[in-house]
K.L.:
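Here it is: the structure, laid out below.
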Amino acid sequence: MSTLPATTDATAPAEPAVQAGSTAPTGRTVPAHLRAAVDAAKERVAALHAELPRWELVVWTAGNVSERVRAGDVEGPDSTGGAAGTGATDGLGDLLVIKPSGLSYDDITPGSMVVCDLDGNLVEGDRAPSSDTAAHAYVYRHMPEVGGVVHTHSTYATAWAARAEPVPCVLTMMADEFGGDIPVGPFALIGDDSIGRGIVETLRDSRSPAVLMRNHGPFTIGKDARSAVKAAVMCEEVARTVHVSRQLGDPTRIEQSDVDSLYARYQHVYGQQPAR
């Protein structure tokens with residue numbers, strides 16, 4: 001599995017605001033049949049941004065959450081409240097909802113969210129998109145199964161990224177959620193799709209929904225934005241716990257066969273299953 005985010009708003013230079021209005025300079029607009037789905041995604045993405053400071057994953061204006069709106073969706077979000085749409089599989093015409101660059105978390109509302117196409121071009125909104133938009137867009141273009149992307153600078157996960165060291169799978173929680181180690185992605189400069197490329201290259205053949213981009217921080221993906229936020233919360237929790245464990249000695253790795261068993265159970269059996 002894989003996904004993409006872009007740069008950290010806190011470290012990127014201020015971006016000029018887009019001229020007021022609901023359409024991009026290119027003249028593109030949200031298609032009428034996606035209006036309800038886009039508006040619902042704005043509500044979800046705005047609410048999920050509040051989870052990042054709640055779980056102490058970000059400071060100031062850093063970090064971002066995005067969600068894909070699939071062009072094949074003509075009836076709005078699915079019944080589970082997940083990423084809007086399931087009709088399109090090729091990604092053509094898909095959109096993404098993300099927060100504007102440099103916007104305070106206290107000022108985030110559904111109306112402040114911006115909409116972009118999967119080339120990162122603004123489609124709707126009166127502010128410049130997050131500086132990480134190119135990364136998110138690249139992930140969506142190259143990982144059609146991904147419906148949500150999150151980027152944070154959470155302390156412990158970012159510390160592992162600074163060491164360019166994967167978090168080893170020494171906890172059953174890690175086996176459940178990540179299916180093994182949390183991998184490290186390549187160093188990439190902020191501002192274009194280089195980060196997105198690194199995310200995709202690292203996660204495409206990995207079971208982990210999280211990647212630690214070297215010298216930068218964690219990016220997570222999911223079937224929708226909520227799943228990607230959950231992965232970000234879990235990534236920081238296990239990064240912290242394994243760090244503490246190392247202070248006491250050498251953590252013991254879980255055997256691969258046990259990792260596989262735990263992962264399969266958590267992904268397919270754990271939680272409430274549909275009635276048969």
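Throughout, numbering of the chain's residues begins at 1 and tracks the sequence.
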K.L.:
Charged N to carboxylate O under 4.0 angstrom, Lys223 versus Glu145?
P.N.:
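A salt bridge is absent here (no side-chain N lies under 4.0 Å from a carboxylate O).
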K.L.:
Examine Val259 and Leu203 and state if one hydrophobic cluster contains both, with Ile, Leu, Val, Met, Phe, Trp and Tyr joined whenever side-chain heavy atoms are less than 4.5 Å apart.
P.N.:
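Val259 and Leu203: separate clusters.
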K.L.:
My understanding is that only one of Thr152, Val150, Val233 makes a side chain to side chain contact (heavy atoms under 4.5 Å, CB included) with Thr220; could you say which?
P.N.:
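Among Thr152, Val150, Val233, the one meeting side chain to side chain contact (heavy atoms under 4.5 Å, CB included) with Thr220 is Val150.
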K.L.:
Within the 4.5 Å heavy-atom criterion, are Val167 and Asp181 side-chain neighbours or not?
P.N.:
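Val167 vs Asp181: side chains apart.
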K.L.:
Please check if Leu48 and Val38 belong to a single hydrophobic cluster, counting links between Ile, Leu, Val, Met, Phe, Trp and Tyr side chain heavy atoms closer than 4.5 Å.
P.N.:
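Yes, Leu48 and Val38 fall within the same hydrophobic cluster.
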K.L.:
Tell me, yes or no, whether the heavy-atom count around Glu165 atom CD, taken from other residues, nucleotides or ligands under 6.0 Å, exceeds 12.
P.N.:
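Count over threshold, so yes.
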K.L.:
Dump the intermediate steps for side-chain contact (heavy atoms from CB on, under 4.5 Å) on Ile190 and Ile195, then the final yes or no.
P.N.:
CA-CA 7 Å; Ile190 295 167; Ile195 292 173; 3.9 Å; yes
K.L.:
Go through the steps for Cys116 and Thr133 under the test side-chain contact (heavy atoms from CB on, under 4.5 Å), then give the verdict.
P.N.:
CA-CA 8 Å; Cys116 296; Thr133 299; 3.9 Å; yes
K.L.:
To the nearest 0.5 Å, tell me how far Ile199 CD1 sits from Arg204 CZ.
P.N.:
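These two atoms lie 12.5 Å from each other.
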K.L.:
Working to the nearest 0.5 Å, report the span between CE of Met213 and NE2 of His151.
P.N.:
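Here the interatomic distance stands at 9.5 Å.
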K.L.:
Starting from the C-alpha separation in whole Å, work towards a yes-or-no answer on side-chain contact (heavy atoms from CB on, under 4.5 Å) for Val242 and Val170.
P.N.:
CA-CA 8 Å; Val242 178; Val170 297; 3.7 Å; yes
K.L.:
Between Ser66 and Tyr140, is there a side-chain donor-acceptor contact under 3.5 Å, judged purely by atom types and distance?
P.N.:
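Side chains of Tyr140 and Ser66: pair found under 3.5 Å.
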K.L.:
Could you tell me whether the side chain of Tyr105 and the main chain of Ala62 form a donor-acceptor pair under 3.5 Å?
P.N.:
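Checked: pair present.
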K.L.:
Look only at the side chain of Thr202 and the backbone of Gly198, and say whether a donor-acceptor pair between them is shorter than 3.5 Å.
P.N.:
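Yes; judged by distance alone, with no hydrogens or angles, the pair exists.
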K.L.:
Below 4.0 angstrom, N of the basic side chain to O of the carboxylate: do Glu67 and Arg226 qualify?
P.N.:
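Salt bridge flag = no for Arg226 with Glu67.
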K.L.:
With clusters defined by side-chain heavy atoms of hydrophobic residues (ILVMFWY) lying less than 4.5 Å apart, directly or transitively, does Leu262 cluster with Tyr266?
P.N.:
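As far as the 4.5 Å side-chain criterion goes, Leu262 and Tyr266 are not connected within one cluster.
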K.L.:
Considering non-hydrogen atoms only, spot the tightest contact between Gln267 and Glu177 and give its length.
P.N.:
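Heavy atoms only, the tightest pair is NE2-O, 4.1 Å.
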K.L.:
Determine whether Ile182 and Met174 make a side-chain contact, defined as any pair of heavy atoms from C-beta on separated by less than 4.5 Å.
P.N.:
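Yes, at least one pair of side-chain atoms sits under 4.5 Å.
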K.L.:
Whether the side chain of Thr158 engages the backbone of Thr155 through a donor-acceptor N/O pair (distance < 3.5 Å, no angle test) should be reported.
P.N.:
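Absent.
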K.L.:
Would you verify whether the NZ or CZ of Arg207 falls within 45 degrees of the ring axis of Tyr263 while also being under 6.0 Å from that six-membered ring's centre?
P.N.:
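Flagged: Arg207 positioned over aromatic ring of Tyr263.
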K.L.:
Given the rule that I, L, V, M, F, W and Y join up when any side-chain heavy atoms are under 4.5 Å apart, are Val123 and Leu103 in one cluster?
P.N.:
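The answer is yes; both residues are in one hydrophobic cluster.
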K.L.:
Is any side-chain heavy atom of Arg127 closer than 4.5 Å to a side-chain heavy atom of Ser112?
P.N.:
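Yes, at least one pair of side-chain atoms sits under 4.5 Å.
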K.L.:
State, yes or no, whether a side-chain contact exists between Met113 and Pro100 at a heavy-atom distance under 4.5 Å.
P.N.:
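Yes. Closest side-chain heavy atoms under 4.5 Å.
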K.L.:
From Asn64 CG over to Ser131 OG, what is the distance, rounded to the nearest 0.5 angstrom?
P.N.:
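Those atoms lie 7.0 Å apart.
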K.L.:
Please round to the nearest 0.5 Å and tell me the distance separating atom CZ of Arg197 and atom CG of Asp192.
P.N.:
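Answer for the CZ-CG pair, Arg197 versus Asp192, is 8.0 Å.
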K.L.:
Can you see which heavy atom on Cys235 is nearest to which on Ala157, and at what distance?
P.N.:
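So the minimum-distance heavy-atom pair works out to SG-CB, 4.0 Å.
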K.L.:
Could you report the tightest heavy-atom contact between Ala231 and Pro209, atom names first, then the distance?
P.N.:
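Heavy-atom minimum between the residues: CB-CG, 3.9 Å.
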K.L.:
Got a sec: does the CZ of Arg163 have more than 12 other heavy atoms crowding it under 6.0 Å?
P.N.:
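No, CZ of Arg163 has 12 or fewer neighbouring heavy atoms, counting only those of other groups under 6.0 Å.
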K.L.:
Quick one, Leu96 and Arg68 - any side-chain contact, counting heavy atoms below 4.5 Å?
P.N.:
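With C-beta onward as the side chain, the pair stays apart.
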K.L.:
If you count heavy atoms of other groups shown closer than 6.0 angstrom to CD of Gln256, is the number above 12?
P.N.:
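Yes, CD of Gln256 has more than 12 neighbouring heavy atoms, counting only those of other groups under 6.0 Å.
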K.L.:
Do the side chains of Leu34 and Leu95 get nearer than 4.5 Å, heavy atoms only?
P.N.:
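Leu95 vs Leu34: side chains touch.
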K.L.:
Are any non-hydrogen side-chain atoms of Phe178 and Ser206 less than 4.5 angstrom apart?
P.N.:
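Not touching, per the 4.5 Å side-chain cut-off.
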K.L.:
Between Asp250 and Arg246 (salt bridge meaning N to carboxylate O under 4.0 Å), is one present in this structure?
P.N.:
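A salt bridge is absent here (no side-chain N lies under 4.0 Å from a carboxylate O).
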K.L.:
Name the orientation class of the two ring planes belonging to His243 and Tyr156 (parallel below 30°, tilted from 30 to 60°, perpendicular beyond 60°).
P.N.:
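The rings of His243 and Tyr156 sit tilted, inter-plane angle from 30° to 60°.
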K.L.:
Is the shortest side-chain N to carboxylate O distance from Arg253 to Asp258 below 4.0 Å?
P.N.:
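A salt bridge is absent here (no side-chain N lies under 4.0 Å from a carboxylate O).
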K.L.:
With a sphere of 6.0 Å drawn around CG of Asp107, does it hold more than 12 non-hydrogen atoms of other residues, nucleotides or ligands?
P.N.:
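Counting neighbours around CG of Asp107, more than 12 heavy atoms of other residues, nucleotides or ligands fall under 6.0 Å, so yes.
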K.L.:
Should Val59 and Leu212 be regarded as members of a common hydrophobic cluster, given that ILVMFWY residues are connected when their side-chain heavy atoms come within less than 4.5 Å of each other, either directly or indirectly?
P.N.:
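No.
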K.L.:
Shortest non-hydrogen contact from Leu118 to Arg141?
P.N.:
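It is O-NH1, 2.6 Å.
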K.L.:
Where the side chain of Asp117 meets the backbone of Asp119, is there a donor-acceptor pair that is under 3.5 Å apart?
P.N.:
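Answer holds: yes.
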K.L.:
Under 3.5 Å, is there a donor-acceptor pair between the side chain of His49 and the main chain of Ile108?
P.N.:
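A pair under 3.5 Å: no.
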K.L.:
Could you tell me how the ring of His153 sits relative to the ring of His216: parallel (under 30°), tilted (30 to 60°) or perpendicular (over 60°)?
P.N.:
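His153 vs His216 ring planes: perpendicular.
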K.L.:
Would you name the heavy atoms of Ile254 and Thr172 that are closest together and state the gap between them?
P.N.:
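Ile254 and Thr172 have their closest heavy atoms at CD1-N, 3.6 Å.
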K.L.:
Do you know which two heavy atoms are closest between Ala239 and Trp160, and how far apart they sit?
P.N.:
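So the two residues come closest at O-NE1, 3.1 Å.
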K.L.:
With a 3.5 Å distance limit and no angle check, can you tell me whether Lys42 reaches the backbone of Ile98 through a side-chain donor-acceptor pair?
P.N.:
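No; judged by distance alone, with no hydrogens or angles, the pair does not exist.
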K.L.:
Could you tell me whether a side-chain N or O of Asp224 sits under 3.5 Å from a main-chain N or O of Gly147, the two making a donor and an acceptor?
P.N.:
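No, because the side chain of Asp224 does not come within donor-acceptor range (under 3.5 Å) of the backbone of Gly147.
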K.L.:
Are side-chain heavy atoms of Leu171 and Ser245 found at a separation under 4.5 Å?
P.N.:
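No, too far: nothing below the 4.5 Å cut-off.
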